[in-house]
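Naming convention: chains lettered A, B, ... in sequence-line order (proteins, then strands); numbering from 1 in each chain.
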Protein chains: 2
Amino acid sequence: MPKQVNTKQKIIEAAIDLIAKYGYRGASVRKIAAEVGIRESAIYNHFKNKEEILKQIIAEIFVTPFEFKNVEEKAKRGKSFLREFVVAYKLITFDKKKEKLFRVLVIELFQNAALRESFLQEFHQKDIQQISQAFFIMMQNGLIRSGDPMFMAQEFLAPLFYIRLQVSLLRIDGKPTTPVSTQFEKHVDFFWESVSLQ
Amino acid sequence: MPKQVNTKQKIIEAAIDLIAKYGYRGASVRKIAAEVGIRESAIYNHFKNKEEILKQIIAEIFVTPFEFKNVEEKAKRGKSFLREFVVAYKLITFDKKKEKLFRVLVIELFQNAALRESFLQEFHQKDIQQISQAFFIMMQNGLIRSGDPMFMAQEFLAPLFYIRLQVSLLRIDGKPTTPVSTQFEKHVDFFWESVSLQ
DNA sequence: GTCTATAGCACGATAGAC
DNA sequence: GTCTATCGTGCTATAGAC
């Protein structure tokens, strides 16, 4: 059992690789099958059609978001909570699998309605909820200036998204990412200085 | 002469439309020709091949950035300069042609090396230069707290890019954009409150 | 500068043997 | 669950007539 690797999962992995490179249209069933090491027709034993492969990949993009335990408690620590969040965000940015899924997201965002829907409703939404909840608590505890916590969360997250995009672009061409990726930490410092009351 | 419309330009326009919808691979020479109202073979009288059409479109993405005159003077006005900048940015976000080019940018960013290069070097770079220059002057005039003007410019522009992305996504599906687009103005207020010394 | 016609290839998908 | 073989379609691009 441990040696028997799932062909279906192999197909998904190969498809993610190829879509991240060539987009959905460019990632042909032929290429996917070749990468897995089977014939095109064998693909159809695992998926009804090509579209079904994409659907499953899209589902993968939106699993395992940030799941912080005890946000209520951690938020009281103020800046260190934000730092912890950004460290997690940075890790995801450099995670090989997550990076590929991020590319798929950006490439197909304007071409796939379901993906678009999930992005607008889930992608940052979950992060925003957590961060805005944390900001709300920080406001109550007099750690930061008052304001709309949701909007503040957007302001906090948008630069992270933009840095992530830049890092992903640089990594495709094998360019150095340090100048950009250090902005993650700088962003926390800048933001905290912007909102903190101390 | 005024009535004689350029076929070459028509091809470009049709290609932008179709690439914004289906991506470069999905925008076939066939579809482009059909949209223009000519045969595929006629396309090749104007462009060497399909790739050449994309090249010209990419070039269009990076023309006419923000060209503010007298940044030195305007920067002294502080917040109102930022407000003026964001008004221009918002206009571009809702401009039909620019919006399509923005979609092409996002779709092809991970798939076209030349586009990626230009994006990293030019897209925000020009904006960043202007904004950071303005921040530098504001610092000298004691309007804002001191810091790295380049980094501050990134912090100012990243949320604008993210709002633009959201607006573009909403507009595809004909969804209301007001809740998101009002963030443009809110962002200026929030940012100014973050950096101003008054 | 446009047309018709066609070459040559890659695509997604199915039928049927093993 | 994989294979071989094949179908029908759409693709980029070219040749040559008008």
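For the pair A:K10 and A:E35, the salt-bridge criterion is not met [side-chain N within less than 4.0 Å of a carboxylate O]. We find that A:R83 and A:E185 are not joined by a salt bridge, their nearest charged nitrogen and carboxylate oxygen being 4.0 Å or further apart.
With rounding to whole Å, B:E40 atom CD is found 10 Å from D:dA13 atom C1'. Taking atom OH of residue A:Y44 and atom P of nucleotide C:dT14, one finds them 7 Å apart after rounding to whole Å. What separates NE2 of B:H46 from C1' of C:dG1 is a distance of 6 Å, to the nearest Å. Rounding to whole angstrom units, CD1 of residue A:I38 and C1' of D:dT4 are separated by 15 Å. To the nearest angstrom, P of C:dC11 lies 9 Å from CZ of B:R25. Rounded to a whole Å, the NZ atom of B:K31 is 17 Å from the P atom of D:dT9. Distance NZ (B:K48) to P (D:dA13): 9 Å, rounded to an integer number of Å. The nearest whole Å value for the distance from the CD atom in B:E52 to the P atom in D:dT12 is 15 Å.
Close to D:dC11, at under 4.0 Å from its OP1 or OP2, lies a side-chain N or O of B:R30. Checking the phosphate oxygens (OP1, OP2) of C:dC11, a side-chain nitrogen or oxygen of A:S28 falls inside 4.0 Å.
For B:V29, taking side-chain heavy atoms from C-beta onward, the closest of the listed nucleotides D:dT12, D:dC3, C:dA13 is D:dT12. Nearest to the side chain of B:A42, among C:dA13, C:dC3, D:dA13, sits C:dC3. With distances taken from any side-chain atom of A:R39 to the nucleotides D:dT12, D:dC3, D:dC11, the minimum falls on D:dC3. When the nucleotides C:dT4, D:dT12, D:dA5 are ranked by their closest atom to the side chain of B:S41, C:dT4 comes out on top.
Ring-plane geometry between A:F156 and A:F191 is classed as perpendicular, the angle between the planes exceeding 60 degrees on a 0 to 90 degree scale with a lower cut at 30.
Side-chain heavy atoms closer than 4.5 Å link hydrophobic residues (I, L, V, M, F, W, Y) into clusters, and following such links, possibly through other members, connects B:M150 to A:Y162.
The cationic group of A:R171 does not satisfy the cation-pi geometry with B:F110, failing either the under 6.0 Å distance to the six-membered ring centre or the 45° limit from the ring axis.
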